[in-house]
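Per chain, numbering begins at 1; letters A, B, ... match sequence-line order.
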Amino acid sequence: MVGKSQNVGLNLDYMQQSAGFSLSHQWLTDFDPTSTRTNAYLIGILNTLRLIVVGIVLATLLGTIMGVARLSSNWLVSTIATVYIEVIRNTPLLIQLFFWYFAVFLKLPEILDGPSAFDTFFLSNRGFVLPSFTTGGLAWLFGLLLVAGAVAGLYVRHRQQKIEDATGIPSHQNLYGLATFLGIGLVAFVATGLPLGSDFADIVVSDTGVARYEGGLVVTPEFTAVMVALVLYTGSFIAEIVRGSIQALPKGQTEAAMAIGLSQYQRMTLVILPQALRTIIPPLTNQYLNLTKNSSLAVTVAYADLVFVGTLINNKAGQPVPMFLVILATYMAMNYTISVFMNYMNSRVQLVGR
Amino acid sequence: MADARPIDGRPFGKRARSWTHDNLFSSRFNSGLTVVTVAILGAGLFAATRFIVSSADWEVIEVNRRLITLGRLPAEDGWRMWPPLYFAAATAGWAFGMWGKLSRRDLVWLVAAMAFMFLVLVEGANALRFAGVPALFAGAYVATAYGLRDSRYDFIGRQVGIAAAVVVIPLAVITIGQFGGPPTRLWGGIMLNIMIASIAIVFSIPLGILLALGRAGSLKTVKYACIGFIEFVRAGPLIVWLFIGRFVAPDFLPESLSDIDLVLRAMLVFTLFTAAYIAEIVRGGLQSVPPGQVEAAKAVGLGSVATTVYIVLPQALRAVIPALVSQLISLWKDTTLVTVIGVFDGLRAAEATLTQPGFTDNASEVFLFMALAFWVGSFSMSRLSMRLERNIGIGER
């Protein structure tokens with residue numbers, strides 16, 4: 001049993017002490033036990049954000065495909081989609097996560113027995129390894145310039161689109177936008193003195209015969225397991241939302257699209273989905289919030305997300321009240337950001353075509 | 001529905017060919033899709049069949065039936081599971097007989113679920129005891145569907161059904177925990193998941209309704225207190241609330257309560273957490289009741305309490321039954337999260353079997369089995385909710 005902690009106050013000074021624990025290395029972060037607890041917590045937030053951002057994108061893709069597939073006129077495809085939805089939606093996420101982690105990803109072969117390709121891609125029970133890059137010198141400036149380039153590219157695309165809308169002459173808006181982005185990127189890369197280098201992974205065997213990966217981007221089995229579980233689970237709920245919204249559209253929309261000779265794919269992407277989006281977005285926002293909260297299940301497989309790091313700090317410092325208030329505040333901030341963004345998207349969609 | 005389709009008199013071969021054409025090869029795109037899916041599905045089914053038939057070793061489940069279902073419950077208390085199970089079976093049969101009608105599909109599902117439970121729960125002497133479950137269900141169903149229902153005693157039958165449904169869970173808690181029963185810290189296994197979900201359901205629904213009424217009411221203090229509670233609870237993930245129940249609660253509870261055991265604290269967390277979500281669902285229902293209803297109630301002289309209880313709430317709750325049931329399904333699935341604070345629930349027990357000598361390689365079998373066990377519960381609930389919606393005609397106004 002946990003005894004009464006000494007201090008129930010809201011003093012956060014202890015966050016400045018050195019952490020005293022190590023975190024498994026994640027891509028592009030550095031951490032050792034002498035770093036401060038604040039540092040550790042920030043890495044936790046970053047790790048949670050990795051899950052959320054990638055998870056939301058993949059779950060939306062999977063959910064849309066499965067929602068459309070469930071309505072397919074192809075019996076086999078719609079049955080598979082139905083089975084996927086009914087099985088995954090009605091099974092606890094934690095059991096699915098344990099299955100992927102303990103029964104799939106940890107059961108992959110050892111490092112030395114795992115499959116590899118071109119000596120740069122590796123797969124084993126220690127993770128999935130991809131080539132990465134090293135940063136140096138003015139890399140931060142290059143990053144900033146890349147963002148600026150993306151903004152400029154979007155602006156150019158927007159302007160070309162306006163010209164096309166006004167004149168009806170094809171203005172290749174995507175091509176122009178991409179060219180602007182790549183041009184600025186290339187100039188920035190040279191101007192900042194080539195700040196990125198390639199970083200290929202290697203298998204290193206120590207004198208004691210222990211093998212490990214060196215370099216490259218190692219996608220840990222913990223990350224992969226949490227990601228697969230979250231995406232499959234959230235995708236099944238999104239699929240039901242997509243299906244419901246499509247079914248709620250008047251049949252005349254499909255028939256009219258057929259009448260003007262659109263293909264099945266064009267009907268879906270140009271007529272049906274854009275309209276369904278109006279009723280999809282509000283419940284979809286809820287699913288994104290659920291995914292955010294469910295990402296905390298990562299703690300059960302020791303993926304260093306913000307709850308995991310928070311409990312580690314709590315174990316060391318023994319001041320649960322301020323720590324858990326910080327964790328709650330972090331989730332509130334993330335939920336709020338998602339809600340604001342999705343409300344903005346919602347208002348955009350509602351205006352279209354009215 | 002399948003029954004509404006006109007009868008096709010053509011010979012089977014012709015029908016099969018036209019079905020295949022319409023559903024699998026209606027266009028070039030569809031034919032391609034079918035071929036690709038068959039290839040992928042074939043590979044998947046082959047691997048799955050090979051796993052289930054030859055490489056899977058289900059001994060780990062067979063040996064650990066008791067650990068997974070009851071955890072570390074003392075052996076002499078095993079009998080306490082049967083009376084609640086019998087009572088629940090009889091109540092379910094009674095309710096089906098009084099209100100519903102078992103279709104052939106329901107029957108297939110029931111038999112399958114019973115067979116599954118038989119395989120999981122039953123060993124040796126328990127086989128006879130288990131036979132009581134389907135027997136009581138069938139007995140109650142026959143007695144009500146072919147006797148009480150639509151008879152002179154129809155009304156009494158319905159009242160008895162409602163009363164039985166209300167006492168199922170309290171009775172289970174009393175039979176298991178009282179009269180010298182084991183303390184909650186010895187409860188475990190899937191039984192504990194069921195008990196946590198049941199207790200959270202019993203307490204969170206009224207609490208959620210009260211919170212929703214408070215939020216919709218005119219008392220400013222109460223209103224903002226309710227909003228604060230609901231939004232604060234909904235902001236955090238359940239895991240964080242469970243950790244708070246584990247680590248923070250001892251600091252705030254009075255000394256005498258600070259070491260109430262983890263199981264009770266988990267039940268409290270689940271109750272409060274679910275209540276916040278139910279409050280939001282009920283709020284939606286309250287907003288869907290037309291204001292004319294309240295005005296009409298006032299016009300006939302009902303007080304504000306009577307208006308709420310007899311006019312507003314019945315309509316509001318009826319409108320949100322689907323959302324309410326899906327919240328309860330998530331509650332059922334979420335009970336597995338107690339694993340993280342060290343409570344010995346079904347999933348914890350399943351994990352524990354993997355540390356036993358000889359079973360360390362059986363993770364697939366164990367987690368697939370647990371997934372199936374929880375799936376049976378959620379899927380039954382979701383189907384039951386769809387029946388309920390059809391029976392009381394939600395969405396047909």
- [ ] Considering only heavy atoms and a distance below 4.5 Å, find which of B/A371, B/G377, B/G236 pairs most often with chain A.
- [x]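 Between B/A371, B/G377, B/G236, the count favours B/A371.
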
Open item on the list: For the interface with chain A, which of B/N362, B/V340, B/T336, B/T339 has the highest count of heavy-atom pairs at distances below 4.5 Å?
Closed with: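 Winner by heavy-atom pair count: B/T336.
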
TODO: Compute both the distance and the angle, then confirm whether B/R234 meets the cation-pi test with B/Y277: under 6.0 Å from the six-membered ring centre, within 45 degrees of the axis.
DONE: yes

Task: Output field: ring centroids A/Y101/A/F105 closer than 6.0 Å - done: no

- [ ] Verify whether the ring centers belonging to B/F369 and B/W375 lie closer than 6.0 Å.
- [x] no

Open item on the list: Between the side chains of A/E86 and B/R383, is the shortest nitrogen-to-carboxylate-oxygen separation below 4.0 Å, so that they form an ion pair?
Closed with: yes

Task: Close side-chain approach of A/L46 and A/R50, heavy atoms under 4.5 Å - done: yes

Open item on the list: Hydrogens and angles aside, do A/D305 and A/N47 bring a side-chain donor and acceptor to less than 3.5 Å of each other?
Closed with: no

Pick from [options]: which one has the most heavy-atom pairs with chain B under 4.5 Å?
| options | value |
| --- | --- |
| A/S78, A/S296, A/G310 | A/S296 |
| A/L76, A/T300, A/L289 | A/L76 |
| A/Y336, A/Y331, A/Y265, A/F98 | A/F98 |

Side chain, backbone, both or neither: which part of [X] has an atom under 4.5 Å from a heavy atom of chain B?
| X | value |
| --- | --- |
| A/V299 | side chain |
| A/S295 | neither |
| A/N335 | side chain |
| A/N314 | side chain |

